[in-house]
Participant: 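Encoded as structure tokens, here's the structure I'll be asking about.
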Amino acid sequence: MQREEVIVYSHSRGYELHLLLRTPEVVADPLLHVFFHGQVDRASFIPPVYHRRTSSQRLNAICLFASDPMLLFSPDPSIGWFLLGDDEFWPRLDDLTAWIRAENGLSGIAWHGPSGGGYVAVRNALRSRTPGLAFAVGPQNDPGEFHYWQEFAPIADGELAGQSVPPLAELLRETPPADDRVIYITVSDHDYHHLRFHIQPIFTESAGLGNVYLSLLLNGRGHGRVDEIDYWAEFANAVTMFHRVAHSPHPT
């Protein structure tokens with residue numbers, strides 16, 4: 001048996017962030033798992049959209065699924081990088097995840113996300129008050145340079161285009177991950193555009209950081225084409241790395 005609870009946060013400008021909190025009867029995993037989705041086929045999905053809601057049941061863990069506020073704000077964009085209302089939504093999400101961790105005696109947070117959701121997973125792992133692991137599959141480095149940005153930003157009347165949307169490479173340079181967190185990025189070997197324009201800048205900026213790891217998945221596939229076996233095998237490697245880093249002695 002498991003319990004599911006829908007949580008809705010409202011922004012002062014009317015945006016809504018929909019979350020689904022799932023708690024198993026017996027929690028067997030020491031991490032809180034937070035999932036963000038990537039680009040959505042608007043013809044196939046009706047928001048709210050919850051990424052890996054089914055396959056994550058294997059974790060026997062407390063899971064929190066987030067649906068991009070942009071999907072409810074407008075019927076047109078397919079991705080919003082969870083930026084709409086971030087100024088108010090992020091502090092509340094940070095409070096919620098910290099509370100869930102404390103209430104259940106968990107050791108940290110695993111932030112999951114593919115592509116645009118991968119950008120969010122890494123960004124949140126870096127700024128969260130809670131120790132954690134970002135597991136990002138083919139993340140975008142800079143939303144502003146991605147071609148779908150043009151379908152997304154103008155819908156908010158320039159509001160989001162005017163917000164600070166730092167590239168991950170910039171974040172890693174200016175606020176590198178603390179000792180109690182790990183950034184694990186995996187990307188398919190035939191994801192050529194992403195490898196050149198998104199992964200390479202991240203790789204260059206993080207080359208000297210011991211808790212940032214980039215894994216090339218030799219699956220002969222392109223962007224977003226990661227099957228369940230590969231996803232969870234790579235995630236198991238990321239968790240092993242996180243636990244090793246989390247239990248290593250750090251200088252005071």
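Counting from 1, the numbers follow the sequence of the chain as shown.
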Participant: Taking the ring of Tyr192 and the ring of His194, is the distance between their centroids below 6.0 Å?
Facilitator: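 Judged by ring-centre distance (under 6.0 Å), His194 and Tyr192 do not meet the cut-off.
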Participant: Out of curiosity, Leu17 CG to Ser10 OG, how far, rounded to the nearest 0.5 Å?
Facilitator: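 It comes to 9.5 Å.
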Participant: Any side-chain heavy atom of Pro131 sitting closer than 4.5 Å to one from Ile109?
Facilitator: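 No, too far: nothing below the 4.5 Å cut-off.
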Participant: Please determine whether a side-chain nitrogen of the Lys or Arg among Asp191 and Arg221 lies less than 4.0 Å from a carboxylate oxygen of the Asp or Glu.
Facilitator: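 Judged by the 4.0 Å cut-off on N to carboxylate O distance, Asp191 and Arg221 do not form a salt bridge.
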Participant: Can you hop from Val8 to Tyr50 via hydrophobic side chains spaced under 4.5 Å?
Facilitator: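 Same cluster: Val8 reaches Tyr50 through Ile, Leu, Val, Met, Phe, Trp or Tyr contacts under 4.5 Å.
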Participant: Does Glu228 have more than 12 heavy atoms from other residues, nucleotides or ligands lying within 6.0 Å of its CD?
Facilitator: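 Yes, because the 6.0 Å sphere around CD of Glu228 holds more than 12 heavy atoms from other groups.
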Participant: If we count only N and O atoms by modelled type, under 3.5 Å, do the side chains of His223 and Ser115 hold a donor and an acceptor together?
Facilitator: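 Ser115 and His223 do have a side-chain donor-acceptor pair below 3.5 Å.
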Participant: Is it the case that the side chain of Arg101 and the backbone of Leu106 share a donor-acceptor pair, with hydrogens and angles ignored and the cut-off at 3.5 Å?
Facilitator: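 Yes: the side chain of Arg101 pairs with the backbone of Leu106.
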Participant: State whether Tyr231 and Arg52 meet the cation-pi test: NZ (Lys) or CZ (Arg) under 6.0 Å from the six-membered ring centroid, and within 45° of the perpendicular axis.
Facilitator: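 Ring-cation test returns yes.
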Participant: Nearest 0.5 Å, what's the CD1-CD1 distance between Ile100 and Ile62?
Facilitator: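 So the CD1 of Ile100 and the CD1 of Ile62 are separated by 7.0 Å.
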Participant: Which atom names give the shortest non-hydrogen contact between His243 and Ser107, and what distance separates them?
Facilitator: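 Answer, listing the atom of His243 first, then Ser107: CE1-OG, 4.4 Å.
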Participant: Does Glu205 have any side-chain contact (heavy atoms from CB on, under 4.5 Å) partners at least two apart in sequence or in another chain, and if so, which?
Facilitator: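 Only Ala169, Leu172, Arg173 meet the side-chain contact (heavy atoms from CB on, under 4.5 Å) criterion with Glu205.
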Participant: I want to check something: taking the side chain as every heavy atom from C-beta on, are Asp68 and Leu71 in contact at a cut-off of under 4.5 Å?
Facilitator: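 Answer yes - side chains close enough.
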Participant: Taking Ser74 for the side chain and Asp76 for the main chain, is one N or O donor matched with an acceptor at less than 3.5 Å?
Facilitator: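 Judged by distance alone, yes, a pair lies under 3.5 Å.
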Participant: Using 0.5 Å steps for rounding, measure from the CG atom of Asn141 to the OG1 atom of Thr204.
Facilitator: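 Here the rounded value is 10.0 Å.
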Participant: Considering only heavy atoms from C-beta outward, does the side chain of Ser215 approach that of Tyr184 to under 4.5 Å?
Facilitator: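 In contact.
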Participant: Are Leu64 and Leu93 side-chain neighbours, meaning at least one heavy-atom pair lies under 4.5 Å?
Facilitator: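 In short, these two side chains touch, coming nearer than 4.5 Å.
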Participant: Heavy atoms only: give me the nearest Ala134-Ala121 pair and the separation to one decimal.
Facilitator: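 Residues Ala134 and Ala121, closest heavy atoms: CB-O, 3.6 Å.
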Participant: Quick check: is Leu209 connected to Leu126 through a chain of hydrophobic side chains (ILVMFWY, heavy atoms under 4.5 Å apart)?
Facilitator: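 Hydrophobic grouping puts Leu126 with Leu209.
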Participant: Any side-chain heavy-atom pair from Val187 and Val137 closer than 4.5 angstrom?
Facilitator: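 Contact flag for Val187/Val137 side chains = no.
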Participant: Can you name the nearest heavy-atom pair linking Val49 to Ser67, along with the distance?
Facilitator: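 The answer is N-OG, 2.8 Å.
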Participant: Would you check if Phe135 and Trp111 make a side-chain contact, meaning some heavy-atom pair closer than 4.5 Å?
Facilitator: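 The answer is no; the side chains never approach within 4.5 Å.
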Participant: Looking at side-chain heavy atoms only, is the closest gap between Gln57 and Gln2 below 4.5 Å?
Facilitator: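 Counting from C-beta outward, Gln57 and Gln2 do come under 4.5 Å.
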Participant: Could you report the tightest heavy-atom contact between Thr130 and Gly108, atom names first, then the distance?
Facilitator: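 Minimum heavy-atom contact is CG2-CA, 4.3 Å.
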Participant: Over all heavy atoms of both residues, which pair between Ile183 and Ala125 is shortest? Give the atoms and the distance, please.
Facilitator: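 Taking Ile183 first and Ala125 second, the nearest heavy atoms are CD1-CB, 4.1 Å.
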Participant: Going hydrophobic residue to hydrophobic residue with side-chain gaps under 4.5 angstrom, can you get from Leu216 over to Ile199?
Facilitator: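 In one cluster: yes.
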Participant: How about His33 and His112: are their ring centres within less than 6.0 Å of each other?
Facilitator: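 Centroid separation for His33 and His112: below 6.0 Å.
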Participant: Ring centroid separation for Phe82 and Phe36, is it under 6.0 angstrom?
Facilitator: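 Here the rings of Phe36 and Phe82 have centres that are less than 6.0 Å from each other.
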Participant: Please tell me whether His11 and Phe89 form a close aromatic pair, meaning their ring centres lie under 6.0 Å apart.
Facilitator: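 Close enough - the centres of the two rings lie under 6.0 Å apart.
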Participant: Report the C-alpha separation of Thr97 and Leu32 in whole Å, then their side-chain angles, then the decisive distance to 0.1 Å, and conclude whether the side chain to side chain contact (heavy atoms under 4.5 Å, CB included) test is met.
Facilitator: CA-CA 8 Å; Thr97 52; Leu32 165 64; 3.9 Å; yes
Participant: Decide yes or no for Pro114 and His51: does some side-chain heavy atom of the first lie under 4.5 Å from some side-chain heavy atom of the second?
Facilitator: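 The answer is yes; the side chains approach within 4.5 Å.
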Participant: Would you kindly say whether Glu16 and His18 are connected by a side-chain donor-acceptor distance under 3.5 Å?
Facilitator: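 Yes, side-chain donor-acceptor contact under 3.5 Å.
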Participant: Checking side chain to side chain contact (heavy atoms under 4.5 Å, CB included) for the pair Tyr119/Leu168: CA distance, chi angles, key distance, verdict?
Facilitator: CA-CA 7 Å; Tyr119 171 88; Leu168 294 183; 3.6 Å; yes
Participant: Trp90 and Ser128: side chain to side chain contact (heavy atoms under 4.5 Å, CB included), yes or no, with the steps?
Facilitator: CA-CA 9 Å; Trp90 166 246; Ser128 172; 4.1 Å; yes
Participant: Please determine if Arg127 and Asp86 form a salt bridge, counting it only when a charged side-chain N lies under 4.0 Å from a carboxylate O.
Facilitator: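 Here Arg127 pairs with Asp86 in a salt bridge, since their nearest N and O are under 4.0 Å apart.
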Participant: So Glu234 and Thr186, side-chain hydrogen bond (donor to acceptor under 3.5 Å, both in side chains) or not? Walk me through it.
Facilitator: CA-CA 8 Å; Glu234 283 290 292; Thr186 187; 3.1 Å; yes
Participant: Mind checking the CD1-CG spacing from Ile185 to Leu214? Nearest 0.5 Å is all I need.
Facilitator: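 One finds 4.5 Å between CD1 of Ile185 and CG of Leu214.
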Participant: Same cluster or not: Leu171 versus Leu83, using hydrophobic residues (I, L, V, M, F, W, Y) connected whenever any side-chain heavy atoms lie under 4.5 Å apart?
Facilitator: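 They do share one cluster, since a chain of ILVMFWY contacts under 4.5 Å joins Leu171 to Leu83.
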Participant: Check this for me: Tyr9, atom OH, are more than 12 non-hydrogen atoms of other residues, nucleotides or ligands nearer than 6.0 Å?
Facilitator: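 Yes, enclosed.
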Participant: Does CZ belonging to Arg58 count more than 12 external heavy atoms closer than 6.0 Å?
Facilitator: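 Atom CZ in Arg58 is crowded, with more than 12 foreign heavy atoms closer than 6.0 Å.
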Participant: Are Ile7 and Val120 grouped together when hydrophobic residues (ILVMFWY) are joined by side-chain heavy atoms under 4.5 angstrom apart?
Facilitator: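 Yes; tracing contacts between hydrophobic side chains, which count when under 4.5 Å, links both residues.
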Participant: Give the minimum heavy-atom separation between Asp29 and Ala61, together with the two atoms involved.
Facilitator: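 The pair with the smallest heavy-atom distance is CB-CB, 3.4 Å.
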Participant: Drop me the distance from Tyr15's OH to Leu84's CG, to the nearest 0.5 angstrom.
Facilitator: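 These two atoms lie 5.0 Å from each other.
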Participant: Using atom types as modelled, flag every donor-acceptor pair under 3.5 Å from a side chain in residues 19-28 to any protein atom, sequence neighbours excluded.
Facilitator:
| unit_1 | atom_1 | unit_2 | atom_2 | d |
| --- | --- | --- | --- | --- |
| Arg22 | NH1 | Arg53 | O | 2.6 |
| Arg22 | NH2 | Ser56 | OG | 2.8 |

Participant: Which distance, rounded to the nearest 0.5 Å, do you find between the CE of Met70 and the CZ of Phe73?
Facilitator: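 Reported value, rounded in 0.5 Å steps: 6.0 Å.
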Participant: Kindly say whether Ser12 contributes a backbone atom to a donor-acceptor pair with the side chain of Glu88 at under 3.5 angstrom?
Facilitator: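 The answer is yes, because a donor-acceptor pair under 3.5 Å joins these two groups.
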Participant: Side chain to side chain contact (heavy atoms under 4.5 Å, CB included) for Leu217 and Val226? Distances and angles first, verdict last.
Facilitator: CA-CA 9 Å; Leu217 190 58; Val226 178; 3.9 Å; yes
